[in-house]
Amino acid sequence: MEFDLIEYLRKHNPVQRPDVLQGIGDDCARLRVESGYELAVTTDTLVSGVHFPADTPPHAIGYKSLAVNLSDLAAMGAEPAWVTLAMTLPRADMAWLASFAEGFFGLAERYGVQLVGGDTTQGPLSITVQAQGFIPQGQAITRAGARPGDYICVTGFLGEAGLNLLKYKGGDLAITTARNRLNYPEPRIIAGIALRGIASAAIDVSDGLIADLGHILTQSGVGARLTLEDLPLSAAMLEDQDPAKMYELALTAGDDYELCFTIGEQHIERINQLQYDLKLPIKHIGNIQENPGLRIYRRGGEPLEIASGGYEHFSDKRHG
């Protein structure tokens, strides 16, 4: 049955790239990296009851398992190319696999990504995807380039995925915009590529803004000041619940997979043009400072303290 699963994925793989010399069907894939490019590689594992609720539809699991990896490539300014997929399944359920594959390959086809290998085994449900993408030599955006005076920016809106998880745990199973953001995050590939040569540092917001921006600050050796009311919240979020709770979700909940990046002041006009070209909101939420640490203030100057620092993989915070 394992080979039936593999054969199903091979037959339903919609993308066939010319740089794949040999894909699924042998002990290894053989791939070609064009001269003048670097290869960016990222891996994420999604575990049932930890990274997604146990009753999440397989279509959403397939989509999200790829999307979170493409989001990592976007943060570095990479163009996606290839993926591998390792699946641990409780049983060989071809109907479940068909729905999973529809979600996975639907997103893969949008970005020209070819599945080139992987593995299947039996056990508690978990999905591991490794994604590879191309970056022109010397143009990678890392977490280590932020400098004092840089503007801190965020694409899209924050907190919607966290709001959905909050509602889900409260028994609200209605499909909402926020729920779609939890199950179907949009990897900001086009924005990431457009930020080459503009962003001084970048990261995708997977574990919460406080935690992920903190990685930029640590690796860049700088600090930051944010203004709470400048965080990008959708109108639907602000209408839904207490704004204070919504801002807390925006800071700590994670799973939005938007890009948080820093730019020098000289690039402000380019960012304004970029959000127009991409039809994607990009919000200035604060600035990089020389003194280490993250400081958050209300618009009137009142300092703010947030107890939670974002999602932690080895903690009691779980999605199940």
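Only heavy atoms go into these numbers, but all of them, side chains included; no hydrogens, no water, no symmetry mates.
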Quiz item: Counting distance only, does the side-chain N/O of N13 pair as donor-acceptor with the main-chain N or O of L115 below 3.5 Å?
Solution: yes
Enumerate, atom names and distances included, each donor-acceptor pair closer than 3.5 Å involving a side-chain atom of residues 27-35, sequence neighbours excluded.
from : atom 1 : to  : atom 2 : distance (Å)
R30  : NE     : Q22 : OE1    : 2.9
R30  : NH2    : Q22 : OE1    : 3.4
R32  : NE     : E34 : OE2    : 3.4
R32  : NH2    : P18 : O      : 3.2

Self-check item: Test log, rule side-chain contact (heavy atoms from CB on, under 4.5 Å), inputs N183 and N164
Solution: CA-CA 10 Å; N183 288 338; N164 175 241; 5.5 Å; no
Quiz item: Applying ring pair (Phe, Tyr, Trp, His ring centres under 6.0 Å), which residue pairs with at least one partner in residues 268-296 are found, sequence neighbours left out?
Solution: Y151-H284
Exercise. For P185 and Y63, work out which heavy atoms get closest and say how close.
Key: O-OH, 2.8 Å
Quiz prompt | Verdict with supporting geometry, Q273 and R270, side-chain contact (heavy atoms from CB on, under 4.5 Å) | solution = CA-CA 5 Å; Q273 183 63 42; R270 295 182 68 183; 5.7 Å; no
Practice problem: Mind checking side chain to side chain donor-acceptor pair (under 3.5 Å) for D93 and listing every partner two or more places apart, or none if nothing turns up? | Solution: none
Self-check item: Any side-chain heavy-atom pair of D212 and C260 under 4.5 Å
Solution: no
Quiz item: Without hydrogens or angle criteria, can the side chains of Q132 and Q130 be said to hold a donor-acceptor pair below 3.5 Å?
Solution: yes
Exercise. Tell me who clusters with L21, hydrophobic residues only, linked when side chains sit under 4.5 Å apart either directly or through other members.
Key: none
Exercise. Could you tell me which non-hydrogen atom of N287 sits nearest to which non-hydrogen atom of G149, and how far apart they are?
Key: ND2-O, 3.8 Å
Exercise. With sequence neighbours excluded, give me every ring pair (Phe, Tyr, Trp, His ring centres under 6.0 Å) pair touching residues 116-139.
Key: W82-F134
Quiz item: How is the hydrophobic cluster of M76 composed, in terms of its other members, when Ile, Leu, Val, Met, Phe, Trp and Tyr link through side-chain heavy atoms under 4.5 Å apart, directly or indirectly?
Solution: I135
Exercise. Over all heavy atoms of both residues, which pair between A250 and L233 is shortest? Give the atoms and the distance, please.
Key: CB-CD2, 3.5 Å
Self-check item: Closest approach of A253 to G162 (non-hydrogen atoms, all atoms of both residues)
Solution: CB-CA, 3.6 Å
Exercise. Would you mind reporting whether T88 and Q122 have side-chain heavy atoms less than 4.5 Å apart?
Key: no
Quiz item: Are V41 and V113 in one and the same hydrophobic cluster, where Ile, Leu, Val, Met, Phe, Trp and Tyr link if side-chain heavy atoms are under 4.5 Å apart?
Solution: no
Quiz item: Between CG of D242 and CE of M246, what distance do you get to the nearest 0.5 Å?
Solution: 7.0 Å
Practice problem: Could you tell me whether a side-chain N or O of R181 sits under 3.5 Å from a main-chain N or O of E160, the two making a donor and an acceptor? | Solution: no
Quiz prompt | E258 and K283 ion-paired at < 4.0 Å | solution = no
Quiz item: Which pairs, with at least one residue in residues 12-41 and sequence neighbours excluded, count as a ring pair (Phe, Tyr, Trp, His ring centres under 6.0 Å)?
Solution: Y8-H12
Practice problem: Please check if the side chain of T155 supplies one atom and the backbone of L259 the other of a donor-acceptor pair under 3.5 Å. | Solution: yes
Quiz item: Does H267 use its side chain to pair, donor to acceptor, with the backbone of I263 at less than 3.5 Å?
Solution: no
Exercise. Decide yes or no for D207 and T252: does some side-chain heavy atom of the first lie under 4.5 Å from some side-chain heavy atom of the second?
Key: no
Practice problem: Please answer: with hydrophobic residues joined when any side-chain heavy atoms are less than 4.5 Å apart, are M237 and I285 in the same cluster? | Solution: yes
Quiz item: Do I24 and V116 come within less than 4.5 Å of each other through their side chains, counting heavy atoms only?
Solution: no
Please report, to 0.1 Å, the donor-acceptor pairs under 3.5 Å made by any side chain of residues 218-231, with sequence neighbours excluded.
from : atom 1 : to   : atom 2 : distance (Å)
T218 : OG1    : G214 : O      : 3.0
S220 : OG     : R143 : O      : 2.8
S220 : OG     : G145 : N      : 3.4
S220 : OG     : A146 : N      : 3.1
S220 : OG     : I216 : O      : 3.0
E229 : OE1    : R299 : N      : 2.8
E229 : OE2    : R298 : NE     : 2.6
E229 : OE2    : R298 : NH2    : 3.1
D230 : OD1    : R299 : NH2    : 2.6

Quiz item: Got a donor-acceptor contact below 3.5 angstrom from the T262 side chain to the A201 backbone?
Solution: yes
Quiz item: Within a strict 4.5 Å, meaning less than it, do heavy atoms of the V154 and I282 side chains meet?
Solution: no
Self-check item: Verdict with reasoning, E290 to R147, per salt bridge (charged side-chain N to carboxylate O under 4.0 Å, His left out)
Solution: CA-CA 8 Å; E290 186 173 353; R147 297 292 179 265; over 6 Å; no
Quiz prompt | Counterpart residues, ring pair (Phe, Tyr, Trp, His ring centres under 6.0 Å), relative to Y111 (two or more places apart) | solution = none
Practice problem: Let me see the working for L274 and L195 under side-chain contact (heavy atoms from CB on, under 4.5 Å), right down to the final yes or no. | Solution: CA-CA 9 Å; L274 182 62; L195 288 172; 4.0 Å; yes
Quiz item: Rounded to the nearest 0.5 Å, how far does CZ of F100 lie from CG of L85?
Solution: 5.0 Å
Self-check item: For F105, ring pair (Phe, Tyr, Trp, His ring centres under 6.0 Å) partners two or more places apart
Solution: none
Quiz prompt | Nearest-0.5 Å distance that lies between atom CD1 in I127 and atom CG in N69 | solution = 11.5 Å
Practice problem: Identify whether V83 and L107 are in the same connected component of the hydrophobic contact network (ILVMFWY, side-chain heavy atoms under 4.5 Å). | Solution: yes
Quiz item: If you round to the nearest 0.5 Å, how far is CG of D44 from OG of S206?
Solution: 7.5 Å
Practice problem: For the residue pair D72 and D204, establish whether any side-chain heavy-atom pair is separated by less than 4.5 Å. | Solution: yes
Exercise. Count the heavy atoms belonging to other residues, nucleotides or ligands that lie under 6.0 Å from CD of Q266, then report whether that count exceeds 12.
Key: yes
Quiz item: In terms of hydrophobic clustering (I, L, V, M, F, W, Y; side-chain heavy atoms under 4.5 Å; direct or indirect links), are I198 and I268 co-clustered?
Solution: yes
Quiz item: Should the heavy atoms of other residues, nucleotides or ligands under 6.0 Å from CD of Q16 be counted, would the total exceed 12?
Solution: yes
Self-check item: Shortest non-hydrogen contact from G156 toward L280
Solution: N-CD1, 4.0 Å
Quiz item: What pairs with D19 under salt bridge (Lys or Arg N to Asp or Glu O under 4.0 Å), at least two apart in sequence or on another chain?
Solution: R17
Quiz item: Any Lys/Arg nitrogen of D255 or K64 sitting under 4.0 Å from an Asp/Glu carboxylate oxygen of the other?
Solution: yes
Quiz item: Is any side-chain heavy atom of I210 less than 4.5 Å from a side-chain heavy atom of L294?
Solution: yes
Quiz item: Which value, rounded to the nearest 0.5 Å, describes the distance between L251 atom CG and L213 atom CG?
Solution: 10.0 Å
Practice problem: Indicate the atoms forming the closest heavy-atom contact of L73 with A131, along with that distance. | Solution: CD1-CB, 3.9 Å
Quiz item: Any side-chain heavy-atom pair from F104 and L9 closer than 4.5 angstrom?
Solution: no
Practice problem: With sequence neighbours excluded, tell me which residues meet ring pair (Phe, Tyr, Trp, His ring centres under 6.0 Å) with H59. | Solution: Y184
Practice problem: Consider only side-chain heavy atoms of I, L, V, M, F, W and Y, link residues closer than 4.5 Å, and tell whether M87 and I61 are in one cluster. | Solution: yes
Practice problem: Could you grab the distance from atom CG of L89 to atom OG of S48, nearest 0.5 Å is fine? | Solution: 11.0 Å
